[in-house]
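Numbers here simply count residues along the sequence, with the first being 1. Just so we're clear, the structure is a prediction, and the values are computed from it rather than from any experiment. Counting starts at 1 for both ligands and their atoms, following the listed order.
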Amino acid sequence: MSQQLLNIFYQSHIGSWAILVLLFLVSYFLLKGGINKGAKIVHMILRLFYVIQIVSGIGLLIGYGFPAVYIIKGILAIVLIYAMEMLLVRTQKGTIGSKAPMYWGIFVVTLVLVVLMGFGVLSF
Ligand code: HEM
């Protein structure tokens, strides 16, 4: 892979992850505040950021030659996206019930692991 393409993936990845997390929180609290239309729009933008993050992440994975720590980071990131989707969709439908703490738990744990692995604090 060319250095230029790798750089595009890298810059997209590191420039988008914090926005992604922020968009999730904004969408969730709009939903909680009863501003459903706003929440829906922010949720749609959030989904676009999932795509940017996954595509650039896979690009980096290919560029680096599939190191184990980043393969696991990628899988955890998918679990993180799953937790965010469940929190938003089920809260909106009113079907989250007693599962809310479980999904928040998955969200916090996977977010911490993904960020620590991304920054190389957690490596093996
Ligand atoms: C919600 C999804 C994701 C979040 C929040 C996230 C977060 C991060 C963060 C914070 C970094 C460190 C950035 C920096 O050095 O400033 C990083 C790096 C990285 N991520 Fe992700 N990521 C996500 C999804 C993915 C996916 C799906 C993959 C792979 C399939 C992936 C692969 C990588 C790789 C290979 C790096 C290393 C970049 C480097 O330091 O050279 N990420 N990620």
Side-chain angles (χ1 to χ4, degrees):
M1 183 182 294
S2 75
Q3 196 56 44
Q4 206 172 12
L5 183 57
L6 193 63
N7 202 35
I8 291 170
F9 286 138
Y10 181 70
Q11 294 298 337
S12 315
H13 203 80
I14 68 164
S16 303
W17 75 269
I19 300 172
L20 184 151
V21 176
L22 214 66
L23 286 172
F24 164 70
L25 293 174
V26 170
S27 182
Y28 182 79
F29 287 112
L30 282 175
L31 207 56
K32 279 301 214 188
I35 308 168
N36 286 3
K37 204 165 182 180
K40 208 168 188 165
I41 293 168
V42 178
H43 192 179
M44 279 168 61
I45 305 169
L46 172 66
R47 284 176 170 157
L48 174 69
F49 274 77
Y50 294 155
V51 175
I52 295 172
Q53 208 66 27
I54 292 171
V55 170
S56 61
I58 291 173
L60 287 171
L61 210 56
I62 295 168
Y64 293 165
F66 297 93
V69 62
Y70 288 142
I71 294 175
I72 292 168
K73 177 190 175 295
I75 295 167
L76 286 172
I78 302 296
V79 178
L80 169 63
I81 290 170
Y82 167 77
M84 290 191 278
E85 275 300 293
M86 285 300 122
L87 282 165
L88 289 178
V89 173
R90 291 193 176 212
T91 302
Q92 190 226 332
K93 286 188 178 163
T95 55
I96 191 139
S98 59
K99 287 192 168 156
M102 180 189 81
Y103 287 126
W104 277 113
I106 298 173
F107 170 78
V108 171
V109 171
T110 51
L111 179 62
V112 169
L113 288 175
V114 163
V115 172
L116 289 182
M117 286 171 126
F119 281 118
V121 178
L122 214 80
S123 68
F124 47 84

Who's the nearest protein heavy-atom neighbour of [atom], and how far?
| atom | answer |
| --- | --- |
| atom 13 (C) of ligand 1 | Ile14 CG2, 3.2 Å |
| atom 16 (O) of ligand 1 | Phe119 CE2, 3.1 Å |
| atom 3 (C) of ligand 1 | Gln53 CG, 3.5 Å |
| atom 41 (O) of ligand 1 | Tyr64 OH, 2.2 Å |
| atom 4 (C) of ligand 1 | Val114 CG1, 3.6 Å |
| atom 35 (C) of ligand 1 | Tyr70 CG, 3.5 Å |

Q: Could you list the atoms of ligand 1 found under 4.0 angstrom from a heavy atom of Leu80?
A: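 Within the 4.0 Å cut-off of Leu80, ligand 1 contributes 1 (C).
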(Q) Need the ligand 1 atom indices (1-based, order shown) with element for anything under 4.0 Å from a heavy-atom of Leu60. (A)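 Result: 34 (C), 35 (C), 36 (C), 38 (C).
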Q.
Assess the residue pair Phe24 and His43 against the criterion (side-chain contact (heavy atoms from CB on, under 4.5 Å)); give the C-alpha distance rounded to whole Å, side-chain angles, the decisive distance to 0.1 Å, and a yes or no.
A. CA-CA 7 Å; Phe24 164 70; His43 192 179; over 6 Å; no
Q: Any chance you could lay out the side-chain contact (heavy atoms from CB on, under 4.5 Å) test for Ser12 and Ile8, step after step, and finish with the verdict?
A: CA-CA 6 Å; Ser12 315; Ile8 291 170; 4.1 Å; yes
**Q.** Nearest atoms (heavy-atom pairs only) where Leu87 meets Ala100
**A.**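 That would be CD2-O, 4.2 Å.
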(Q) Ignoring hydrogens, what is the shortest heavy-atom contact between Met1 and Gly59? Give both atom names and the distance. (A)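 Closest approach of Met1 to Gly59, heavy atoms only: CE-O, 3.4 Å.
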Q. Any N or O on Trp17 sitting closer than 3.5 Å to an N or O of ligand 1?
A.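 No, since none of the N or O atoms of Trp17 sits under 3.5 Å from an N or O of ligand 1.
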**Q.** Shortest reach to atom 30 (C) of ligand 1 by a heavy atom, considering only Ile58, Val21, Val69
**A.**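 Of the listed residues, Ile58 has the closest heavy atom.
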Q: Using heavy-atom distances, let me know which of Gly118, Gly57, Ala83, Ala77 sits nearest atom 28 (C) of ligand 1.
A: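 Shortest heavy-atom distance from atom 28 (C) of ligand 1: Gly57.
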Q. Salt bridge check: are Arg47 and Glu85 linked by an N-O gap of less than 4.0 Å?
A.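 Salt bridge between Arg47 and Glu85, a charged N being under 4.0 Å from a carboxylate O: yes.
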Q | Verdict with reasoning, Ile81 to Ile54, per side-chain contact (heavy atoms from CB on, under 4.5 Å) | A | CA-CA 10 Å; Ile81 290 170; Ile54 292 171; 3.7 Å; yes
Q. What N, O or S atom of His13 is found closest to atom 21 (Fe) of ligand 1?
A.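 Looking at His13, the N, O or S atom with the least distance to atom 21 (Fe) of ligand 1 is NE2.
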Q. When you look for heavy atoms under 4.0 Å from ligand 1, do you find them on the side chain of Tyr50, its backbone, both, or neither?
A.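 Within the 4.0 Å criterion, Tyr50 makes no contact with ligand 1.
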Q. N/O/S atom of Lys73 under 2.8 Å from atom 21 (Fe) of ligand 1, yes or no?
A.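 Given the 2.8 Å cut-off, Lys73 counts as a ligand of atom 21 (Fe) of ligand 1.
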Q. Relative to the ring of Trp104, is the ring of Tyr28 parallel (under 30°), tilted (30 to 60°) or perpendicular (over 60°)?
A.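 Taking Trp104 first and then Tyr28, their aromatic rings stand perpendicular (interplane angle over 60°).
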Q. Which of these passes side chain to side chain contact (heavy atoms under 4.5 Å, CB included) with Leu80: Ile106, Val115, Val112, Thr110?
A.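 One option only clears the test, and that one is Thr110.
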Q: May I ask you to decide if Leu20's main-chain N or O and Gln53's side chain share a donor-acceptor pair within less than 3.5 Å?
A: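 Side chain of Gln53 to backbone of Leu20: no pair is present.
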